[in-house]
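Below is one structure, written out as structure tokens; the observations come after it.
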There are 2 protein chains.
Amino acid sequence: MSLQHAILTALLEKPSSGLELARRFDRSIGYFWSATHQQIYRELGKLESAGLIRELPVSQPARGQRKAYEVLPAGRDELAAWVRRSEDPRPLRDPLGLRLRAAAMVGTEGLAAEVQRHLALHRKQLAEFEAIEARDFPADGSGDALQHLVLRGGIEMETFWIKWLTEAAERLPEG
Amino acid sequence: MSLQHAILTALLEKPSSGLELARRFDRSIGYFWSATHQQIYRELGKLESAGLIRELPVSQPARGQRKAYEVLPAGRDELAAWVRRSEDPRPLRDPLGLRLRAAAMVGTEGLAAEVQRHLALHRKQLAEFEAIEARDFPADGSGDALQHLVLRGGIEMETFWIKWLTEAAERLPEG
DNA sequence: CTCGCTTATGCAACTTGTTGCACAAGCGAG
DNA sequence: CTCGCTTGTGCAACAAGTTGCATAAGCGAG
């Protein structure tokens, strides 16, 4: 049910339409949970049926107006209860590690290039996170500490990938 | 399709029955991909239908004999092709990061304890990985380099979690 | 021997995530 | 104006992963 709670969090931060949510998931919220627009629309529908959110009434319903949603008290309660619940970490799922292992059986052809490609992707992501950190969390300690912590998680995760992939690149042939 | 390829890899390393596979997934292969026995049985069925694996013929089919599978040439080919394919990393999915963010909206009550619990889990996992490393990959450089690399990935991943969760513990109230 | 425990295999139903497409409205260029 | 492009919303089908249960065989204690 994590996706529903992610949506509730995002809507509490700021009432939004489906597409706005999808965009915000591509950025901040997405460090630890990604979602496509279809998933988001589906869950918005469920959340509305469940009485946890509602369409934000608009003063002048002009044509082409996008639907925006806001969180109802029941939604806030549910989110608060979820934060207090206990939930185990999900096991890691990454195909590249698997492919390295498979390569031990069937040969490493092409893997060095793939590792380089992943390295570039992770370096790019890290640069983006660091740019966000510099912009939103200056050294003076302004900005929300919890949100900064989450961003730090994203940064350290990417740092891990870069470190490990660099090791991998050194150990693979045909660099 | 990663699970099917994980199974092919495992069967190439050693022909096994469904439950043996499930156990091995809990350990080595599972660093980067986990699976329940139900998933494994289902995929074994599909792989067999697709002609990529077959039941290992046994000399004396005693009662209670467990079915074991071995990889056919077509299966090896498919695995080799997969290793050569290009595939993007999957986005991270972890509910705890999400909950920290949600806590910025609805309060951090109970989170410090949860962070401690996760810390303990990750420390335990790290200790297990390090024990395996000490056992299977002594300093003299014996042992398969690729498999060692994959294990290093698991170790560094857990190290990341511990570092980040420690940061989180320091920043959360009511420790 | 038989009762309960463990091991091994598997089905069915459900939830979650992905892919591909459909449709409508606004917008800008020709 | 109108054609094609982009934006926003959404359905349907599928693939992947999870949960709960059903079944059967071996095994060891009483």
Once you round it to whole Å, what is the distance between [atom2] of [N] and [atom1] of [X]?
X: B:F25; N: C:dA8; atom1: CZ; atom2: C1'; value: 17 Å
X: A:I40; N: C:dG17; atom1: CD1; atom2: P; value: 11 Å
X: B:L44; N: D:dG17; atom1: CG; atom2: P; value: 14 Å
X: A:L3; N: C:dT18; atom1: CG; atom2: P; value: 10 Å
X: A:E55; N: D:dG8; atom1: CD; atom2: C1'; value: 14 Å
X: A:E43; N: D:dC11; atom1: CD; atom2: C1'; value: 15 Å
X: B:D88; N: C:dT18; atom1: CG; atom2: C1'; value: 14 Å
X: A:L92; N: D:dG17; atom1: CG; atom2: P; value: 13 Å

[N] OP1/OP2 closer than 4.0 Å to side-chain N/O of [X]:
X: A:Q39; N: C:dT16; result: no
X: A:Y41; N: D:dT9; result: yes
X: A:S17; N: D:dT9; result: yes
X: A:Q38; N: C:dT19; result: no

Between A:E20 and A:S17, do the side chains contain an N or O donor and an N or O acceptor separated by less than 3.5 Å?
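A:E20 vs A:S17: donor-acceptor pair found between side chains.
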Cut-off 3.5 Å, side chains only: do B:E43 and B:Q4 have a donor facing an acceptor?
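Note: B:E43 and B:Q4 side chains meet the donor-acceptor criterion.
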Pairwise 5' ranking along DNA chain C for B:L19 and B:P91, keeping only the more 5' one:
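The residue mapped nearer the 5' terminus is B:L19.
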More 5' along DNA chain C: B:Y69 or A:K46, using each one's nearest nucleotide?
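Going by which nucleotide is closer to the 5' end, it is B:Y69.
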Between A:Y31 and B:W164, is the gap from one ring center to the other below 6.0 Å?
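For A:Y31 and B:W164, the ring centres are not under 6.0 Å apart.
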Along DNA chain D (nearest heavy atom to each residue), the more 5'-positioned of B:R90 and B:H37
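The answer here is B:R90.
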Side-chain donor/acceptor contact of B:R42 with base of D:dG17 under 3.5 Å:
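A donor-acceptor contact between them is present.
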Polar side-chain atom of A:R93 near backbone of B:R90 as donor-acceptor pair, under 3.5 Å
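Not confirmed, A:R93 side chain does not pair with B:R90 backbone.
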Classify A:R93 by what it touches in the nucleic acid, base, sugar-phosphate, or nothing, heavy-atom distance under 4.0 Å.
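Touches sugar-phosphate only.
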In the strands shown, is C:dT9 matched to any nucleotide by a Watson-Crick or G-U wobble pair with both distances under 3.5 Å, and which?
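Matched C:dT9 with D:dA22 under the 3.5 Å cut-off.
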Which base sits across from D:dG30 as a Watson-Crick or G-U pair, both distances under 3.5 Å?
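Paired with D:dG30, as far as the under-3.5 Å criterion goes, is C:dC1.
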Which listed nucleotide (C:dT7, C:dT18, C:dG17) is nearest to the side chain of A:W33?
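That would be C:dG17.
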Heavy-atom check, side chain of B:H148 versus side chain of A:R171, under 4.5 Å
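No, side chains not in contact.
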